[in-house]
Amino acid sequence: MQEPNNQEVTVMGWVRTFRNNQFIALNDGSTNNNLQVVVELGKYDDDFLKRITTSASIKTTGLVIPSMGKGQKLELKATHIEILGDSDAEKYPLQPKKHSLEFLREIAHLGFRTNTFGSVFRIRHSLAYAVHKFFNDKRFVYMHTPVITASDAEGAGEMFKVTTLPFDNTPRNEDGSINFKEDFFGKATNLTVSGQLEGELGATAFGDIYTFGPTFRAENSNTARHLAEFWMIEPEMAFYDLEDNMNLAEEFIKYIIQYAIDNNREDLEFLAQRLADEEKQLPQDKRSEMGLVEKLEFVLNNNFERLTYTDAIEILKESNHNKKKKFQYPVTGWGMDLQSEHERYLVEKHFKKPVILTNYPKEIKAFYMRQNDDDKTVAAMDILAPGIGEIVGGSQREERLDKLEQRMKEMHVPVEEMWWYLDTRRFGTVPHAGFGLGFERMVQFVTGMTNIRDVIAFPRTPKSAEF
Ligand code: ATP
Ligand code: MN
């Protein structure tokens with residue numbers, strides 16, 4: 001930065017505070033640091049000064065000079081101030097003090113004007129940019145998969161229906177079921193739960209593709225890690241096996257973290273301080289062992305722990321935590337689905353770093369995952385992160401047509417309807433793999449925000465779709 005030397009500048013922004021009828025803390029949204037604007041005493045009448053209130057927008061011209069005050073190197077000695085928009089201090093909901101996150105969620109339309117959300121959403125922006133940069137540099141093709149779809153990638157019944165049929169006098173078939181032939185698309189449609197299947201179509205032509213778009217799940221899980229509308233990144237790579245897939249995912253996560261450290265240092269340090277302050281209220285054993293930035297650097301500098309589902313079950317079963325019956329869901333043995341408490345135990349207590357679990361039982365995974373030779377497991381991989389739990393879900397895909405069809409039948413996935421998907425296995429099938437990373441969970445990890453609702457601007461959760 002240039003030394004302040006009386007150059008004249010014009011700045012615009014919002015007043016954060018106005019002190020002693022003299023010092024305006026002005027913020028333009030580019031950083032949490034305010035510019036101190038010094039108002040010459042006696043130059044303006046009281047009526048004018050009264051309008052310089054928190055969140056009023058102003059345009060001011062002045063000279064940049066070294067600051068005598070503590071806390072800033074320079075300040076603006078105003079020669080001209082214009083009020084662009086008044087803000088009634090009585091009615092403005094944000095006071096220049098610390099508000100609870102619960103309160104801020106109720107006024108999410110103004111949340112960006114706070115330091116916390118300012119930092120979170122500048123980082124969110126950076127991470128989104130880093131996602132595109134990472135894949136573009138590797139020459140992946142960014143694919144836009146449909147938001148409205150007739151397919152259900154997971155075979156799960158957790159989809160939002162898309163229809164223009166009337167609620168009363170709904171057209172019915174003779175057997176009483178709804179006649180979707182009358183519907184807008186002539187068939188039942190829903191909001192996408194994943195772009196993967198379409199992504200595979202791209203990968204088997206371009207080689208490497210990725211998607212990055214909104215995803216919808218009508219799951220009624222009111223947790224700090226689930227949204228009904230979230231953003232997912234789904235790379236899909238031809239000629240990749242499970243190991244290549246894990247390597248890419250680990251490199252990708254580290255790249256994004258490094259990008260934030262390199263480009264968002266100030267905001268990260270603000271959030272780190274915020275987190276540390278918050279944790280002061282917790283008992284010692286509930287506090288994080290590392291600060292936010294320290295945690296991110298630790299993840300960068302260490303390999304993710306890789307182990308099979310089978311080994312993980314063994315560790316969990318033999319853990320004191322399990323023997324002392326401290327899990328809400330006891331570890332019954334091989335074949336069980338891991339609950340988030342089990343995942344977090346492995347990551348936070350046992351390994352104390354990110355973990356990649358591989359080769360899950362086929363019964364608890366999706367039909368498209370490649371079957372291993374043991375006939376029991378599939379080439380799946382989940383990445384678990386401290387404080388978050390599952391952050392990535394992926395697999396090598398079943399590229400053998402006969403095996404895939406057989407598995408679809410076993411799992412009651414409609415083979416006929418999926419003719420277009422199966423065509424990739426009919427015409428030049430190749431080994432391929434991919435994964436899905438929940439963008440908000442990644443933002444949570446980097447910002448240290450404990451609730452997923454605080455890393456998306458307008459969260460959609462059960463019974464909540466304000467703004
Ligand atoms: P979970 O067990 O946590 O519900 P999942 O097994 O349903 O996750 P996948 O279907 O594998 O998740 O989706 C891929 C990734 O998308 C997950 O690893 C996670 O990061 C993210 N994700 C899944 N569901 C949600 C959700 N409801 N809100 C936010 N992110 C989600
Ligand atoms: Mn889920």
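Counting starts at 1 for both ligands and their atoms, in listed order.
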Return the option from Glu229, Met442, Arg217, Glu440 holding the heavy atom at the smallest distance from atom 10 (O) of ligand 1.
Arg217
Test Glu297 against Lys295 for salt bridge (Lys or Arg N to Asp or Glu O under 4.0 Å), laying out the working first.
CA-CA 5 Å; Glu297 277 167 353; Lys295 174 192 85 177; over 6 Å; no
Should one rank Ser395, Gly394, Gly389, Gly436 by closest heavy-atom distance to atom 15 (C) of ligand 1, which comes out on top?
Gly436
Applying ring-ring contact (aromatic ring centres under 6.0 Å, His included) as the test, list every pair that has at least one member in residues 377-421; sequence neighbours left out.
none
Please determine if Gly438 has a nitrogen or oxygen closer than 3.5 Å to a nitrogen or oxygen of ligand 1.
yes
My understanding is that we take every heavy atom of each candidate and find the minimum distance to atom 30 (N) of ligand 1. Doing that for Trp231, Phe230, Phe439, which one comes out nearest?
Phe230
Which one of Glu219, His226, Met232, Glu343 has a non-hydrogen atom at the shortest distance from atom 14 (C) of ligand 1?
Met232
Pair Ser126, Asn263: side-chain N/O donor-acceptor within cut-off below 3.5 Å
no
Numbering as shown, the atoms of ligand 1 that approach Gly393 to under 4.0 Å (heavy-atom distance):
11 (O), 18 (O)
With a 4.5 Å limit on heavy-atom distance, are the side chains of Ile261 and Leu300 in contact?
yes
Got a list of side-chain donor-acceptor pairs under 3.5 Å for residues 373-389, not counting sequence neighbours?
residue : atom : partner : partner atom : Å
Asp374  : OD1  : Lys376  : N            : 2.8
Asp374  : OD1  : Thr377  : N            : 2.9
Asp374  : OD1  : Thr377  : OG1          : 3.1
Asp374  : OD2  : Thr377  : OG1          : 2.6
Thr377  : OG1  : Asn372  : ND2          : 2.9
Asp382  : OD1  : Lys365  : NZ           : 3.4
Asp382  : OD2  : Tyr360  : OH           : 3.4
Asp382  : OD2  : Lys365  : NZ           : 3.1

Side chain, backbone, both or neither: the part of Arg441 lying under 4.0 Å from ligand 1 by heavy atom:
side chain
Applying a 4.0 Å heavy-atom criterion (strictly less than), which segment of Ile452 is in contact with ligand 1: side chain, backbone, both, or neither?
side chain
Please check if the distance between the ring centroids of Phe134 and Phe252 is under 6.0 Å.
yes
Partner of His132 under ring pair (Phe, Tyr, Trp, His ring centres under 6.0 Å), chosen from Tyr255, Tyr142, Phe140
Tyr142
At a 4.0 Å threshold, what atoms of ligand 1 neighbour a non-hydrogen atom of Val392?
18 (O)
Numbering the atoms of ligand 1 from 1, which are under 4.0 Å from a heavy atom of Arg225?
3 (O), 28 (N), 29 (C)
